[in-house]
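Both backbone and side-chain heavy atoms feed into the values below; hydrogens, waters and symmetry mates do not. Convention: sequence-line order gives letters A, B, ...; per-chain numbering from 1.
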Protein chains: 2
Amino acid sequence: MKKYAALLKRTKLFSGVGENDILSMLHCLNAQVREYNKGEYAFRQGEYIRSLMILAVGRLHIQKEDYWGNLNILNEIRPGEMFGEAYIVPNSGTLMNDVVAIEESVVLFFDIDRILTVCSSACPFHTQLIKNIFYTISDKNKSLVQKISYMSQRSTREKLLSYLSDEAKRHNSNSFSIPFNRQQLADFLSVDRSAMSNELSRLRNEGMLDFHKNEFTLREL
Amino acid sequence: MKKYAALLKRTKLFSGVGENDILSMLHCLNAQVREYNKGEYAFRQGEYIRSLMILAVGRLHIQKEDYWGNLNILNEIRPGEMFGEAYIVPNSGTLMNDVVAIEESVVLFFDIDRILTVCSSACPFHTQLIKNIFYTISDKNKSLVQKISYMSQRSTREKLLSYLSDEAKRHNSNSFSIPFNRQQLADFLSVDRSAMSNELSRLRNEGMLDFHKNEFTLREL
DNA sequence: AAAATTCTGTTGTATTTACAACGAAAGCAG
DNA sequence: CTGCTTTCGTTGTAAATACAACAGAATTTT
């Protein structure tokens, strides 16, 4: 467990907490370690979750199988990322998705009840922890809403323009770089990569924007 | 204001707080009441929000309209539900969506600063309040993720199937009713209404499901 | 009860997208 | 440098979608 302290220090959950304090908190939070083989299910749809998890090693897929058996990958979890935080709520119902290790993985479990119940003197960083989760969820909330606003655009062109113009706003400049390659951007916007590449070229030909690799520049018309 | 105490007692925000305590907290939180006619905007995109709201009566849609008038319903608020809580975080910027009353509605406003500043002895339930907000954000997070999982499907057919499949799971039955009419469902899934109607008919002809108005039944194949 | 409005399914057409396939460019490994 | 892999833009075709328009049903208003 000790060996994960350095990793944990860099996570959003333990942001602002020193390594030593983290170690003492791990006991307080009743932290557990579990390992999963490649292909093994960490959780299945319908299970109750009473822990907050952080992936220490490996890679997980959050995926879903529908009524007729079609599979869909919703999210990929990488080391240091937290998951299950949306299930902290009491009576939040059962998990709607499956969580599968797509590599040999190590997951840290933190008891939800111990996170929520502040143990007065023992853990001075407990309120910090709750605050961190609160901010993380709140941030995530907003970025989810933003993503939805891109995805709700009907055409690939409009999805691109709404995303890129938001990025321009965010960078306060009409030139900026994006954190995605083409395939990732296509996945993020839920469109076909080649169709998107096509649309990007068209936008460039029309003089609306310019790009080299991940560097984009929006042009006035 | 007093007449809403019974309602508030059953809300997530005041969960675990008695009616008498709620009444004394209303003053502490500087609670205000505002009424909206059907179709009236409670908030518009770009406004600053410094309150936490609870819908007392009626129905609200949190929605976004793009340049060409395509509407996307992000969420439907029903009596007792809280909204605006994601903007509690400092420096969270302006509202990204519109909030519209789709029925004659009554909204209660609570001063955010008074919520965040715990007034020690005065309000013994203040920490409970913050905890409750935390839970609510967490819940919304979950439903946003669900919505994204529907919208990320490439075709209208897949969007419908993933949504309906989830509703069946949620109701624990292959028969259930949905809270949308056709246009609202189309907006929720960000697809064209007529194309969606078309697809629904096709799915029915193929024997995958059945529906009458808002009542749906999924069929094994 | 009648009139007006909203809701829903259906059709046809123009447009857009998905998909597969390919070659060029870029990045990486030996 | 050479071979291998990944990324990217492009093309053509099949499939799906958006859009407009309309009529019948259902609902609301008068």
Side-chain angles (χ1 to χ4, degrees), chain A residues 59 70-73 76 150-164 177-217, chain B residues 37-39 58-59 61 63 65-73 76 100-104 150-164 177-217:
Chain A
R59 212 159 0 148
N70 304 309
L71 188 66
N72 180 30
I73 297 168
E76 181 170 291
Y150 308 140
M151 289 177 59
S152 71
Q153 303 294 323
R154 296 303 168 81
S155 66
T156 298
R157 161 179 286 240
E158 287 169 320
K159 285 176 181 138
L160 278 170
L161 290 181
S162 65
Y163 168 70
L164 292 174
S177 72
I178 66 172
F180 298 126
N181 66 27
R182 293 293 182 275
Q183 183 61 60
Q184 289 169 334
L185 179 57
D187 288 341
F188 178 73
L189 298 178
S190 269
V191 297
D192 179 72
R193 181 197 61 79
S194 68
M196 188 189 75
S197 257
N198 215 328
E199 199 60 51
L200 278 174
S201 299
R202 203 171 303 149
L203 286 167
R204 176 162 58 187
N205 290 339
E206 295 175 17
M208 297 193 68
L209 51 79
D210 225 327
F211 57 89
H212 306 283
K213 295 165 69 178
N214 298 344
E215 299 282 337
F216 286 80
T217 302
Chain B
N37 295 320
K38 180 176 175 176
R59 202 140 37 125
H61 273 183
Q63 59 188 36
E65 202 169 330
D66 73 14
Y67 185 81
W68 298 271
N70 294 313
L71 189 66
N72 182 21
I73 299 172
E76 179 169 293
V100 186
I102 60 169
E103 295 175 5
E104 183 128 345
Y150 310 141
M151 288 177 59
S152 69
Q153 302 295 321
R154 294 305 169 79
S155 65
T156 297
R157 159 178 287 239
E158 286 171 319
K159 285 176 180 136
L160 278 170
L161 291 183
S162 65
Y163 169 69
L164 294 173
S177 72
I178 66 173
F180 297 126
N181 66 27
R182 292 292 182 275
Q183 183 61 60
Q184 289 170 335
L185 178 57
D187 288 339
F188 178 74
L189 297 177
S190 268
V191 297
D192 179 73
R193 182 197 60 78
S194 69
M196 188 189 77
S197 257
N198 213 330
E199 198 61 51
L200 279 173
S201 300
R202 203 171 304 149
L203 286 167
R204 177 163 56 187
N205 290 338
E206 293 175 19
M208 297 192 71
L209 50 80
D210 226 327
F211 57 90
H212 306 284
K213 293 164 72 175
N214 298 344
E215 299 282 339
F216 286 80
T217 302

Enquirer: Expressed in angstrom and rounded to an integer, what is the separation of Lys159(B) atom NZ from dA16(D) atom P?
Expert: 13 Å
Enquirer: Nearest 0.5 Å, please: how far is CG in Leu161(B) from CG in Leu203(B)?
Expert: 5.0 Å
Enquirer: At what distance, to the nearest 0.5 angstrom, does CG of Leu164(B) lie from CG of Leu185(B)?
Expert: 7.0 Å
Enquirer: What is the per-nucleotide protein-contact pattern of nucleotides 5-11 of chain C, from the 5' end, where B denotes a base atom under 4.0 Å from a protein heavy atom, S denotes such proximity for sugar-phosphate atoms only, and - denotes neither?
Expert: --SBBBB
Enquirer: Using a heavy-atom cut-off of under 4.0 Å over every strand shown, decide if Glu199(A) touches base, sugar-phosphate, or nothing.
Expert: sugar-phosphate
Enquirer: Whole angstroms only, please: what is the CG-P distance between Asn205(A) and dT11(D)?
Expert: 10 Å
Enquirer: Rounded off to whole Å, could you give me the CZ-to-P distance for the Arg154(B) and dT16(C) pair?
Expert: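 Going from Arg154(B) (CZ) to dT16(C) (P), I get 19 Å.
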Enquirer: Who passes side-chain hydrogen bond (donor to acceptor under 3.5 Å, both in side chains) against Ser177(B), sequence neighbours left out?
Expert: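 Residues passing side-chain hydrogen bond (donor to acceptor under 3.5 Å, both in side chains) with Ser177(B): none at all.
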Enquirer: Find the distance Glu158(B):CD to dC19(C):C1' and express it as a whole number of Å.
Expert: 13 Å
Enquirer: May I ask you to evaluate whether Ser155(A) reaches the phosphate of dT16(C), defined as a side-chain N or O under 4.0 Å from OP1 or OP2?
Expert: no
Enquirer: Rounded to whole Å, how long is the line connecting atom CG of Asp192(B) with atom P of dA20(D)?
Expert: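 Going from Asp192(B) (CG) to dA20(D) (P), I get 9 Å.
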Enquirer: By side-chain hydrogen bond (donor to acceptor under 3.5 Å, both in side chains), which residues pair with Tyr150(A), not counting sequence neighbours?
Expert: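 Result, side-chain hydrogen bond (donor to acceptor under 3.5 Å, both in side chains) vs Tyr150(A): Gln146(A), Asp166(A).
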Enquirer: Listed by chain and number, what are the salt bridge (Lys or Arg N to Asp or Glu O under 4.0 Å) partners of Arg204(B), not counting sequence neighbours?
Expert: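 Per chain and number, Arg204(B) pairs via salt bridge (Lys or Arg N to Asp or Glu O under 4.0 Å) with no residue.
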Enquirer: Rounded to 10°, tell me the angle between the two end axes of the helix from dA1(C)-dT30(D) to dG30(C)-dC1(D), each built from five pairs.
Expert: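 Both end axes considered, the difference amounts to 60°.
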Enquirer: How long is the straight-line distance from CG of Leu160(A) back to CZ of Phe216(A), given to the nearest 0.5 Å?
Expert: 7.5 Å
Enquirer: Can you sort out the partners of Val100(B) under side chain to side chain contact (heavy atoms under 4.5 Å, CB included), two or more places apart, ordered by chain and number?
Expert: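 For Val100(B) the side chain to side chain contact (heavy atoms under 4.5 Å, CB included) partners, ignoring immediate neighbours, are Tyr41(B), Gln63(B), Asp98(B).
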Enquirer: When rounded to the nearest 0.5 angstrom, what distance separates CG in Asn181(B) from NZ in Lys213(B)?
Expert: 11.5 Å
